[in-house]
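Just so it is clear, the values below take in all heavy atoms, side chains as well, and ignore hydrogens, waters and symmetry mates. Letters go in sequence order (proteins before strands), and every chain restarts at 1. Fair warning: this is a prediction, and the values are worked out from it, not measured in the lab.
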Number of protein chains: 4
Amino acid sequence: MGAVKTKRMPRAVREQQMLDAAVRTFGQRGYMAASMDEIAELAGVSKPLVYLYLNSKEDLFTACIRREGTALTEAVRAGARPGLPADRQLWSGLTAFFTHTARHPDGWAVLHLQARTHGEVFAAEVAAMRAEIVAFVTQLILAAARDAHRDPDLPEREVSGLAEALVGAAESLADWANATPGVTARQSAATLMNFAWAGLGDLMAGRRWTPPDDSGPITGATGAQTGRTSPVT
Amino acid sequence: MGAVKTKRMPRAVREQQMLDAAVRTFGQRGYMAASMDEIAELAGVSKPLVYLYLNSKEDLFTACIRREGTALTEAVRAGARPGLPADRQLWSGLTAFFTHTARHPDGWAVLHLQARTHGEVFAAEVAAMRAEIVAFVTQLILAAARDAHRDPDLPEREVSGLAEALVGAAESLADWANATPGVTARQSAATLMNFAWAGLGDLMAGRRWTPPDDSGPITGATGAQTGRTSPVT
Amino acid sequence: MGAVKTKRMPRAVREQQMLDAAVRTFGQRGYMAASMDEIAELAGVSKPLVYLYLNSKEDLFTACIRREGTALTEAVRAGARPGLPADRQLWSGLTAFFTHTARHPDGWAVLHLQARTHGEVFAAEVAAMRAEIVAFVTQLILAAARDAHRDPDLPEREVSGLAEALVGAAESLADWANATPGVTARQSAATLMNFAWAGLGDLMAGRRWTPPDDSGPITGATGAQTGRTSPVT
Amino acid sequence: MGAVKTKRMPRAVREQQMLDAAVRTFGQRGYMAASMDEIAELAGVSKPLVYLYLNSKEDLFTACIRREGTALTEAVRAGARPGLPADRQLWSGLTAFFTHTARHPDGWAVLHLQARTHGEVFAAEVAAMRAEIVAFVTQLILAAARDAHRDPDLPEREVSGLAEALVGAAESLADWANATPGVTARQSAATLMNFAWAGLGDLMAGRRWTPPDDSGPITGATGAQTGRTSPVT
DNA sequence: GATGAATGAGGCTTCATTCAT
DNA sequence: AATGAATGAAGCCTCATTCAT
C-alpha cells in the first residue's frame, strides 16, 4: 500500500505526499501511537527524507495541523457566501463544514481530537483557528439580529457564548456523523439548524428559559461515590 | 507527592489508589504518554504490584474508563429526579453533568478525549455509556413533548438526532468550561438550556427552519485545495 | 569477553561494573565513538539497566570522569607523604602519578584526552581536579624554596607558571609512557625530576635564561607584542 | 556565513576552502561530532563535491592532519635558523612553535587533540611528524652539549627522553596558552626556557637529581625494572 | 564543475513487562 | 502482600554516503 514508489520528485510534491501520509496516520493512530516509520512508508519514502523536509515529529504534526486547519477554515469561508442573508450564510457554512469534515475525516481527527490532546503548543495552534471561526459565527449571529431589527439589547458577551455553543455542537455532530454511517452533511446541518436557529430566534424575541432557584444539594451531592479514594480527580 | 506510603493495605483500597493515580496520569498525559512507572510512583506502589492487580496497561485503562464512566452516568441519573417535569429534569441533569465534569476533569478527559483516541476497544467502551445517556435524553425530550401534548408524530429518528446534538453540545461546553476559569456548572447549564430548549420548544410548536433546495456546487466545491495530493484524506 | 554474566547483583556492584566497562570503552574508542550498546555488553548487562542506573551517556561519562579523577588525585596525594622533604615528596608524588596512569591507561585517557575534547561541562570537571593538583605542586615548590631558605624573592605568580609547566610535562610524559612499551614509572619520574628539578634549583639560585631582544621577523612574531620591557616569564 | 558562494573555482582553490572548513570544524567539534554537512556548508559547497574531491570523511581528516602537520613542522624549522648557537635555535624554534599554535588553534587542536583520539591510523600520522620534531630537538640538545664541550658520553637514549619531555612540555603549554587569553608566544617560550634550559644546563654540568632507593611499597612500583645500576632515566 | 534528491545503518533513549525473592 | 533487579522491543533522530542530472 502507500503511494506508488516514484523516484526523484521535486521537493514540494514530496512534502505534500508526506503530509498526506502524516495526516492519515496521525488521524487514525493518534499522535503518539503514530510512528515516523509508518508515515515514511505510507509516503513511499525513507525516514531520513521525512526528517530532511519536515524536521521532527513535532514539526511534522504542526505542519499537518496548519494545512488541515487552513483547508477547513477556507472551506467554511468559501461555503458561506457573503451576499446571502445571515441564516442562509450559516446554513451553507455549516453544510460546507460538515462536507469537509466528512471528506477529510483524518484531517478532522487531527484537528479536533489529536491536536487538543498532545501539548499546549499544538492546542494553541488549533485554538487560534477555532477562534477565527467562532468570531465568524458571532458576526453571522449579530448580522441576523440586525436583519431582524433586534440588535439593541443583545449583549455581545452573550452572543459569543452562543457562538461557542453552536460551534461546539457542530464539532460534536461532525464527530458523530463521521462515526455513524449514512449521515449526510445536509442532514447534520439541518439537524443543527433546527436545534439552534429556532432557539436563537426565540431568544432574540426575548423569550428565555429561566433556571429555578438553587434548591439544595441536588446536583452536587457526591454522596455514595463509586470507589474513588481521594475526593478529587 | 502521591499517596502516603503506607504498607500492607487491603487489596480493594490499593486498587482504588492505583486507579486514582491512573486516571490522573492518563487524563493529564494521555494514554500513550502516560507511563506505568509514573502511575506506580503516583500511587505509592511498586510497578509489579500494579501488574499483579490490574494486569496490563490496557486493562488498567479500561478499568479507568469503566470507573469514570459509571461515576458520570450515575451522577447524571441521580441529578435528574424522575418526579419532576421534563424540562426541570433536563436542567438538573445537565447541572449534575457539568458539576461532575468540573469536579473530575481528569476523569472527563479520560472519557471524552483519551478513550476515543486510542483504539476501537476503548472507544467502544465509552460509546456504550454515551448511548445510555443519549437514550436517557431522548426519553426526556419525548416526555416533554407528551407533557406539552404536542406533535405526537415527531419521528423517533429526528428526536435521536436532537438528543445527539444536545449531548454533543453539552460535551463541548464541558471541555470549554474546564478550560475557562470561573465558569460554574449552573452557568454552563443555563447557556445550554437557553440555546437549546427554546429551539426544541419551537420545533415542537411546529415551526422549523427549512433548508433551501440544493442549489449546485455551493458546499462541495473543493476547487483550489491547499496542496493535498490525493483528493481525499 | 566482558564480565561473566551473573544475574541479580546489588545495585552498587552493578554500577561499578558499568563504570569499569564505560571507562574502558570511552578510553579506547573516545566519547563519541563509544556506543552505549558496546558498554552495556562489556558490562554484561542490558542497555536499559545502564540507563536506569546512570541516566544518560553524558551522565555516565561524567561519572567516569569523577571516579577516575578522584582515584588519580588520591593516588598522588597518598604517594607524596607529608613528612618528607619537598623534593622527596615531589619525587614520590610523580612516581605515584606515573604508576597510576600506567596502571589505568583508559582512565587516564578519559581524563586527559576525552574529557577535554567533548564539551565545556566535561572539561570543567577535569579542570577542577587538575587545579587541585597544580595547587598541590605549587605548595611543594614553595616548601622547597623555604627549605632552601630562598623564598623572599620568588613571586607567587611565577611559581604557579612553573607548576603549570611541570604538571603539563608530567601529563605529556604519561601519554608518552603509555604509548611506549618498556618505560617504567620510575624512569618517567626520574626523567622529569632531572629535567625540572635542576632547572628549578637554578632558578631559585637566581640564574635564568635570558631571551634575546626581539630580532625581527625570525619567528613569525605577530608584531603587536604586549610590549613588555622585561621579556621574562 | 562561510566562504562567499562563488561558482566555478579551480579545483585547487576549492580544495583549500574545504580543508579550511574541515580543520575549523574538526578542531572545534571533534572528529566524530563534525558532520560532513556542516563542513560542506562552511566551505560554501555542496556535499557531493566534497566527496568528489576528498573522497571520504577519513580521507578528509587525514588531509587535514597532513596539511596542518606540515605547516607546523615547517614553521618550526623556519624559525630555528641553522646558523645560530643551539640555545638560540631552541629559543626561536619554540617561539615559532607557540606563534604557530596560537595563530592556528583549530589546526593545533586537530593535531594534538583530535588526531590522537580517533584511531591508530590518524595517531600514526601525527606520531611521524612529532618524531621529526623530537629528533630535531634531540639534535639541538646534542649540539648544545658539543658547543659547551661537555659530557661527550651523554647516552643518546637519555637525550631522547629529555627531548620528549621538552616537546611534551611545549605541547602542554601550547594548549594552556590557547585556553588562557593574553599569553603571548614569547611568554610561553620564555617560561619553558627558564624551566628547562637551566635544568638541561645543570644536567650537562654533571649535577643530577638522584632518586632514592626503592624503599618498599610506597609508590606501587611495578616491580620489573630495567635492572640498570644507575637508576636514572 | 556542481548539485538536489535520496537512503542504509546505526546511535540514544524509553517503555511495558517479568522474574526471583 | 510487595518489591528490587532486569530486559526485548521499539521509537526518534542523524550521519556518511551515493545517484541522476
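Checking F/dT7, F/dA20, F/dC13 against the side-chain heavy atoms of C/V45 singles out F/dT7 as nearest.
Between the P atom of E/dT3 and the CE atom of D/M18 lies a distance of 9 Å, rounded to the nearest Å. The distance from atom NZ of B/K47 to atom P of E/dT17 is 10 Å, rounded to the nearest whole Å. The separation between C/L49 atom CG and E/dT18 atom C1' is 14 Å, rounded to whole Å. Rounded to whole angstrom, the span from the CG atom of C/D37 across to the P atom of F/dA10 amounts to 16 Å. Distance CG (C/L52) to P (F/dT3): 16 Å, rounded to an integer number of Å. Between the CG atom of A/L54 and the P atom of F/dC12 there is a distance of 14 Å, given to the nearest Å. Nucleotide F/dA16 holds its P atom 13 Å from the NE2 atom of D/H118, rounded to whole Å. Atom pair A/E15:CD and E/dA6:P shows a separation of 11 Å (rounding to whole Å applied).
Residues B/M32 and C/Y51 both approach DNA chain E. Their nearest nucleotides, taken by heavy-atom distance, put C/Y51 toward the 5′ side. Mapped onto DNA chain F by nearest heavy atom, C/S46 and D/A33 fall at different nucleotides, with C/S46 at the one closer to the 5' end. Judged by closest nucleotide on DNA chain F, C/Y53 is the one of D/S35 and C/Y53 placed further toward the 5' end. Remark on DNA chain E: of its neighbouring residues C/K57 and D/P48, the 5'-side contact belongs to D/P48, judged by nearest-heavy-atom nucleotide.
Aromatic ring centres of D/W108 and D/H112 lie closer together than 6.0 Å.
Listed here is the closest heavy atom pair of C/D106 and C/V23: CB-O, 3.7 Å.
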Where do A/D20 and A/R67 land on the salt bridge (charged side-chain N to carboxylate O under 4.0 Å, His left out) test, with the steps shown first? CA-CA 10 Å; A/D20 289 344; A/R67 193 183 77 165; 2.8 Å; yes

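Contacts of B/A34 with the nucleic acid, taken as non-hydrogen atoms under 4.0 Å apart, involve only primed sugar atoms and P, OP1 or OP2. When heavy atoms are screened at a 4.0 angstrom cut-off, B/R11 is found touching no nucleic acid atom at all.
Side-chain N or O atoms of D/K57 include one that pairs as donor or acceptor with a backbone N or O of D/Y31 at under 3.5 Å.
When the side-chain nitrogen and oxygen atoms of C/R14 are compared with OP1 and OP2 of F/dA6, one or more of them lie within a distance under 4.0 Å.
At least one test fails for A/R14 against the ring of A/Y53: distance under 6.0 Å to the centre or angle within 45° of the axis.
You'll find the side chain of D/Q114 reaches within 4.5 Å of the side chain of C/T117, heavy atoms only.
Taking C/E68 as the reference, nothing meets the side-chain hydrogen bond (donor to acceptor under 3.5 Å, both in side chains) condition, with sequence neighbours excluded.
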Would you write the dot-bracket representation of DNA chain F, where each base gets (, ), [, ], | or . depending on whether it forms a Watson-Crick or G-U pair under 3.5 Å and with which partner? .||||||||||||||||||||

